Every structure is written in structure tokens, then in C-alpha cells.
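Protein chains get the first letters and strands the later ones, always in sequence-line order, with residue 1 at the start of each. Every heavy atom of this structure was used, including side-chain atoms; hydrogens, water molecules and symmetry mates were not. Since the model is a prediction, treat every value here as computed from it, not as a measurement.
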There are 2 protein chains.
Amino acid sequence: MQHTPSPESFRELCERHGLAVTHQRQVIFHTLFAMHGHPSPEGVYELVKELIPSISLATVYKNLKTFEEHGLIREVSLHHRSARFEINASPHHHLVCLRCKAIVDVPAEDVGPIQLKKRTPSGFRVKRYHVEMLGFCGECTKQIEP
Amino acid sequence: MQHTPSPESFRELCERHGLAVTHQRQVIFHTLFAMHGHPSPEGVYELVKELIPSISLATVYKNLKTFEEHGLIREVSLHHRSARFEINASPHHHLVCLRCKAIVDVPAEDVGPIQLKKRTPSGFRVKRYHVEMLGFCGECTKQIEP
DNA sequence: CTAACTGCAAAGTGTTTGCACTCTT
DNA sequence: AAGAGTGCAAACACTTTGCAGTTAG
């Protein structure tokens, strides 16, 4: 999944996931995988439109959602629909439930220090860091495997 | 800053930051600090409205922004305005520029493993973790201190 | 043929803005 | 008095939805 998959494997992928192989879906998928970085829906749309001028933004959104639901892509920072503010002044990290989106603070002392083994690329100056531990909270774990 | 500050200290805080001490601001601030967890603007608004029924949501937003700009609170997950998707299948972490919001991937091998020193609270089951290193990219560093 | 998918436009969210009015300083 | 802050409504940006028409299986 590291480089652009062949048309063949996309067909297989869709079969495996029970998805229809439409032209739009195929182009969106390949465009997405050819883009590096962290593309936005708009960004994907702009590029796809060059190949399929009639495509609609809604289709791009729908497909991104589908891909995400099937684990083919991932949203970079899981955002709750609205902004969330942090008042806690003491340094801490987060446990985030992938199911119910609950956020639980973990004091920084409870997490070992992280080390960067290489120099940060391109002169990036790190001010602070923050660990997000993703998983399932007690409640959700129960509901998944009762 | 861990528990609700006294009215006195809020006045001082405002003075220190050159902010006017308005009733609304004071109530928003104290409400915010009395809430645990990771309140949303709406959530703050709902509570503040009980004390100041005439307050507007816009005022809450403006104050949250002001507080954030002065470092009194922090947004939990810095979200770019639109969603960002990740295609990169190999495990990695992120460098995030606080100024231009650029995201740079850092291979997981370049970051030492993190250890939880205590048991996760309330049966949380961690599936994976993700380190966000926040700072300033080379470009922005130059522009801040030329 | 049926279910899945697309395109369109309209409706939703969450957030920001412009402006007149009102308070702090 | 001047500048900062407030409330309102309108504007915004991003995302979702309903639906009729199209396409894949």
C-alpha cells in the first residue's frame, strides 16, 4: 500500500470489501495514493477533476468516507466535530477512544520520555510533544466483546 | 491554574495580558476552569448562559480565542480547517508546525518506544499510539526570528 | 433487475465577521 | 474620551443529505 497499486489490485481490493468498482472510485483512489502528504478532500477533488471534469465534490467526500470506513485511509487528527479546549495546565497526554471519542488525560509523568533518534528534518524546532494513545475505553471494550 | 482561580487572580491575569475585565469574560473563564474534561465552545456557552442569559455564542468564541492566544487554554487537537487523510501505511508520527500547520511524517523507527509507567485508567485498551511533536518548521522559524 | 453509486442542489454544522452599542480603563 | 468588548445577524467554510438518474454486479 506504499506505492500506487495496480488497477488489478484495486479491483481485488474492492471485491474484498464488497465495493463496486466505479470509474470515479478508481480515479479517486489512485489520485489519493499518488498524492504525498496529507491531502484534504478539496485537494483530492481538484486533482480528480482534471481526469473526470464532471465529478462532484460530494462523490469525493462519499468515497473518502467509504475508504476510511474500510480502513484504506485514515484521518490524520481525529477531530470531534467542534473544537475542544484544554484547561489542564500540567503536562499530560491523551487516551482517545476510537469508538466513543472520549478523551482521558494521562499525566506526563506516567509516560516515559520519547527520544528522537534522528535530527528533525528541515530545521524543525520541536517545542513540545504530545502522545495520543488510541484504543478502546473500558465501556466500549465491553460492548465490542461482551 | 489547576483549580478555579480566585476573582482576584483573574483580575491580575487580565492586567498582565492587557485584557479588559468584563463580566462575561470573567464568567467564561471561571466556567471554563470549573469544567473538567475537554469542553467545546457550545458546552461552555450552555453553562455560561445559565449565569448570563443574554450572552451570545460569538462572545464565547471570541473569548476562547483570546484565551488561547494568551496561552491560558489550548486546543486539544489542532485541526486544520478541513479533514486531512493519511495514506502512508507504514507506522509513523507527526511533526506539526504550530504556525503554518504543516504536517511532516517521521518514521516510527526514528522515535524511541514510549512506555506507560502505570496501568491505563478504567480498563482502557491501547491499540496504537501516535506522537505529535509540535513546534515550528524551518520556514516559520526563519520568519519568526530572522 | 437490483443494489450500489453518482451528481446536483439544498440543508447542516461549527465558526467568523461587520457593525452599532456598551462597557472598561 | 478612546479603545476594548459585546450582541446580533449575516456570512463562511466544510461536510452531509435527499433524490432522481446511472451504472456495476
Side-chain angles (χ1 to χ4, degrees), chain A residues 7-8 10-29 31-32 38-46 48-70 72-73 75-85 101, chain B residues 7-8 10-32 38-46 48-49 51-70 72-73 75-85 101:
Chain A
E8 232 46 51
F10 176 68
R11 179 150 241 117
E12 282 167 23
L13 205 60
C14 286
E15 252 154 47
R16 185 142 43 85
H17 289 276
L19 299 173
V21 184
T22 64
H23 182 45
Q24 288 87 332
R25 176 162 293 159
Q26 186 153 349
V27 172
I28 292 171
F29 186 81
T31 301
L32 202 45
H38 306 83
S40 65
E42 268 289 331
V44 176
Y45 173 61
E46 289 306 327
V48 171
K49 215 164 41 173
E50 287 177 15
L51 298 169
I52 313 177
S54 63
I55 199 155
S56 79
L57 184 52
T59 298
V60 172
Y61 269 101
K62 284 168 188 168
N63 274 286
L64 290 178
K65 192 170 192 185
T66 303
F67 292 155
E68 199 196 6
E69 284 167 357
H70 288 273
L72 273 40
I73 62 177
E75 234 191 304
V76 171
S77 45
L78 16 142
H79 54 185
H80 309 71
R81 29 193 39 202
S82 60
R84 294 306 165 92
F85 292 93
K101 306 253 171 159
Chain B
E8 233 44 51
F10 176 68
R11 180 150 239 116
E12 282 168 23
L13 204 60
C14 285
E15 253 155 46
R16 187 145 40 87
H17 288 276
L19 299 173
V21 184
T22 65
H23 181 45
Q24 288 85 335
R25 177 162 293 159
Q26 187 153 348
V27 172
I28 292 170
F29 186 81
H30 283 99
T31 301
L32 202 45
H38 305 84
S40 65
E42 267 290 329
V44 176
Y45 173 61
E46 289 306 329
V48 171
K49 214 163 44 172
L51 299 169
I52 312 177
S54 63
I55 200 158
S56 79
L57 184 53
T59 298
V60 173
Y61 268 101
K62 283 168 187 167
N63 274 287
L64 290 178
K65 193 173 191 182
T66 303
F67 292 155
E68 198 196 6
E69 283 166 359
H70 289 272
L72 275 39
I73 61 176
E75 232 192 303
V76 172
S77 45
L78 18 142
H79 54 187
H80 311 71
R81 25 192 41 196
S82 60
R84 294 307 165 90
F85 292 94
K101 309 253 170 156

Within this structure, what is the CZ-to-C1' distance between A/Arg11 and D/dA24, rounded to whole angstrom?
9 Å
I want to verify a distance call: between D/dC14, D/dG25, C/dG7, whose nearest atom is closest to the A/Val21 side chain?
D/dG25
Please name the pair of heavy atoms, one in A/Phe85 and one in B/Ile73, separated by the smallest distance, quoted to 0.1 Å.
CD2-CD1, 3.5 Å
If you look at every strand shown and take non-hydrogen atoms under 4.0 Å, does B/Ser54 touch a base, only sugar-phosphate, or nothing?
sugar-phosphate
Could you walk me through whether B/Lys65 and B/Tyr61 satisfy the side chain to side chain contact (heavy atoms under 4.5 Å, CB included) test, starting with their C-alpha distance in whole Å, then the side-chain angles of each, then the deciding distance to 0.1 Å, before giving a yes or no?
CA-CA 6 Å; B/Lys65 193 173 191 182; B/Tyr61 268 101; over 6 Å; no
Take the protein atom CZ of B/Phe29 and the nucleotide atom P of D/dG5, then report the distance between them rounded to whole Å.
15 Å
Please determine if a side-chain N or O atom of A/Arg84 lies less than 4.0 Å away from the OP1 or OP2 oxygen of C/dG14.
no
Checking B/Arg25 side chain against B/Ala20 main chain: does a donor-acceptor pair fall under 3.5 Å?
yes
DNA chain C nearest-nucleotide lookup for B/Cys14 and A/Ile55: closer to the 5′ end is A/Ile55
Name the pairs: protein N/O against N/O of nucleotides 3-5 of chain C, kept only if under 3.5 Å.
unit_1: C/dC5; atom_1: OP1; unit_2: A/Ala20; atom_2: N; d: 3.2
unit_1: C/dC5; atom_1: OP1; unit_2: A/Arg25; atom_2: NH1; d: 2.6
unit_1: C/dC5; atom_1: OP1; unit_2: A/Arg25; atom_2: NH2; d: 3.4

From CD of B/Glu68 across to P of C/dT15 the rounded distance in Å is 12 Å
Whole-Å distance between C/dT6 C1' and A/Ile52 CD1?
11 Å
Euclidean distance, atom CD of residue B/Glu15 to atom P of C/dT24 [Å, nearest integer]:
14 Å
All heavy atoms of B/Val60 vs all of B/Pro41, minimum pair found to be CG1-O, 3.8 Å
CG-CZ distance between A/Leu32 and A/Phe67, expressed to the nearest 0.5 angstrom
7.0 Å
If I take atom CD in residue A/Glu42 and atom P in nucleotide D/dC12, what distance separates them, rounded to the nearest angstrom?
16 Å
Could you write out each protein N or O paired with an N or O of nucleotides 16-22 of chain D at a distance under 3.5 Å?
unit_1: D/dG18; atom_1: O6; unit_2: A/Lys62; atom_2: NZ; d: 3.3

Mind checking whether A/Phe10 and A/Phe29 have parallel, tilted or perpendicular rings, split at 30° and 60°?
tilted
Output, in order, the C-alpha distance, side-chain angles, deciding distance and verdict of side chain to side chain contact (heavy atoms under 4.5 Å, CB included) for A/Glu75 and A/Leu64.
CA-CA 10 Å; A/Glu75 234 191 304; A/Leu64 290 178; over 6 Å; no
Would B/Gln24 and B/Val48 count as a side chain to side chain contact (heavy atoms under 4.5 Å, CB included) here? Give the steps.
CA-CA 8 Å; B/Gln24 288 85 335; B/Val48 171; over 6 Å; no
Roughly, in whole Å, what's the span from OH in B/Tyr45 to P in D/dT6?
14 Å
Roughly, in whole Å, what's the span from CD in B/Glu75 to P in C/dG14?
14 Å
Please name all residues satisfying side-chain hydrogen bond (donor to acceptor under 3.5 Å, both in side chains) with A/Ser56, sequence neighbours left out, ordered by chain then number.
A/Thr59
